[in-house]
**Q** 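The structure is given below, and queries will be raised subsequently.
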Amino acid sequence: MNINKIAVFSCTTLALAALWWWHSRPAPALPPEAQDESPIVLPAPLIAEDDPTIARVRAIPDAPRILAAKATALTPEGGHYIETPWEEAEPDADLPLARPERGDIEFIASIALTNDALGQAQPGDVVGLTLPDGRTLQAKVTRTELQAGGRRNWQGEVEVEGEPYPVNFTFGKETAFGFIGTPQGSFTLETLRGQGWIYMTPPLDDSHTDELPPRS
């Protein structure tokens, strides 16, 4: 092999090696400002907010309880815990109900219902009832019924000092009336359009008697 052939072979080998190195080298990293900042695309929800299925579920009268079931604490009987459904409110000229004047009322508070949970309670639910004497009792709902005129009623009981006492609430279109029994005395709730009073029911006047007046 002459010198010229050796030179040509060496040059060809070097050129091939340089070409291989050029194509096999790693690509240079781009500076941060030049990198792709495209937002991450998340998968679409299984059911869109405007899906007709959601509308049908919300049309069910008990829909709020169904939609919030996973986020709501359950009672051992499978009911729901309902936090105190009213709050104390400052009485003003717009209050639809006048302050009850039924003898000497020891405990009384002006209240406003915070939602319609009180009227939607179901058997097995436990409702927190805040009284004007500072106590909060837990009422267990045992029965519901639809009364004449479309009024809805639920009955239950509270346990105080180990003894059960009756609880009864009736709801009209704009009204609510409640009775809460305790060993210290009963409490009455009256609201109109979501505002009203809760107070300790005063005892009967000492002059009250069941006897019939004498005949003339």
**Q** With a 4.5 Å cut-off on side-chain heavy atoms, are Glu159 and Pro164 touching?
**A** no
**Q** Could you go step by step and tell me if Thr182 and Asp133 meet the side-chain contact (heavy atoms from CB on, under 4.5 Å) rule?
**A** CA-CA 12 Å; Thr182 77; Asp133 63 1; over 6 Å; no
**Q** I'd like to check Arg143 versus Pro123 (side-chain heavy atoms, cut-off strictly below 4.5 Å). Are they in contact?
**A** no
**Q** Grab the two heavy atoms, one from Arg151 and one from Gly172, that are nearest each other, plus how far apart they are.
**A** CG-CA, 4.1 Å
**Q** Can you find a heavy atom in the side chain of Ile108 that is under 4.5 Å from one in the side chain of Arg99?
**A** yes
**Q** Does any non-hydrogen side-chain atom of Met200 lie less than 4.5 Å from one of Gln184?
**A** yes
**Q** How far apart are the closest heavy atoms of Phe187 and Thr201, and which atoms are they?
**A** C-OG1, 3.9 Å
**Q** Does any part of the side chain of Gln147, heavy atoms only, come nearer than 4.5 Å to the side chain of Thr170, both counted from C-beta?
**A** yes
**Q** Show me, pair by pair, the donor-acceptor contacts under 3.5 angstrom made by side chains of residues 83-90, not counting sequence neighbours?
**A**
unit_1 : atom_1 : unit_2 : atom_2 : d
Thr84  : OG1    : Thr130 : OG1    : 3.1
Trp86  : NE1    : Thr130 : O      : 3.2

**Q** According to a 4.5 Å side-chain heavy-atom criterion applied to Ile, Leu, Val, Met, Phe, Trp and Tyr, with indirect links allowed, do Ile105 and Leu97 form part of one hydrophobic cluster?
**A** yes
**Q** Which value, rounded to the nearest 0.5 Å, describes the distance between Thr142 atom OG1 and Glu157 atom CD?
**A** 6.5 Å
**Q** Keeping Trp154 on the side-chain end and Leu118 on the backbone end, is there a donor-acceptor pair under 3.5 Å?
**A** yes
**Q** Could you grab the distance from atom CZ of Phe171 to atom CG of Asp116, nearest 0.5 Å is fine?
**A** 10.0 Å
**Q** Please check if the side chain of Arg152 supplies one atom and the backbone of Gly119 the other of a donor-acceptor pair under 3.5 Å.
**A** yes
**Q** Indicate yes or no for a side-chain donor-acceptor contact from Asn153 to the backbone of Thr144 under 3.5 Å, with no hydrogens or angles considered.
**A** no
**Q** Evaluate the side-chain proximity of Val127 to Phe169: yes if any heavy-atom separation is below 4.5 Å, no if none is.
**A** no
**Q** Work out which heavy atom in Gln138 is nearest to a heavy atom in Gly128; give both atom names and the distance.
**A** OE1-CA, 3.9 Å
**Q** Using the side-chain hydrogen bond (donor to acceptor under 3.5 Å, both in side chains) rule, take Tyr199 and Glu106 through it: C-alpha gap first, then chi angles, then the decisive distance, then the call.
**A** CA-CA 8 Å; Tyr199 56 93; Glu106 184 176 1; over 6 Å; no
**Q** Any donor and acceptor pair, going by atom type alone, linking the side chain of Asp125 with main-chain N or O of His80 inside 3.5 Å?
**A** yes
**Q** Give the cluster check for Phe177 versus Val167: same hydrophobic cluster or not, with ILVMFWY residues linked at side-chain heavy-atom distances below 4.5 Å.
**A** no
**Q** Do any N or O atoms from the side chain of Thr191 and from the backbone of Gly194 form a donor-acceptor pair under 3.5 angstrom?
**A** no
**Q** Could you measure the distance from the CG atom of Leu129 to the CZ atom of Arg135? Nearest 0.5 Å is fine.
**A** 11.0 Å
**Q** To the nearest 0.5 Å, what is the distance between OG on Ser186 and CG on Asn168?
**A** 12.0 Å
**Q** Go through Leu131 and Ile198 one step at a time and tell me if the side-chain contact (heavy atoms from CB on, under 4.5 Å) criterion holds.
**A** CA-CA 7 Å; Leu131 304 181; Ile198 183 169; 4.1 Å; yes
**Q** Examine Phe107 and Val160 and state if one hydrophobic cluster contains both, with Ile, Leu, Val, Met, Phe, Trp and Tyr joined whenever side-chain heavy atoms are less than 4.5 Å apart.
**A** yes
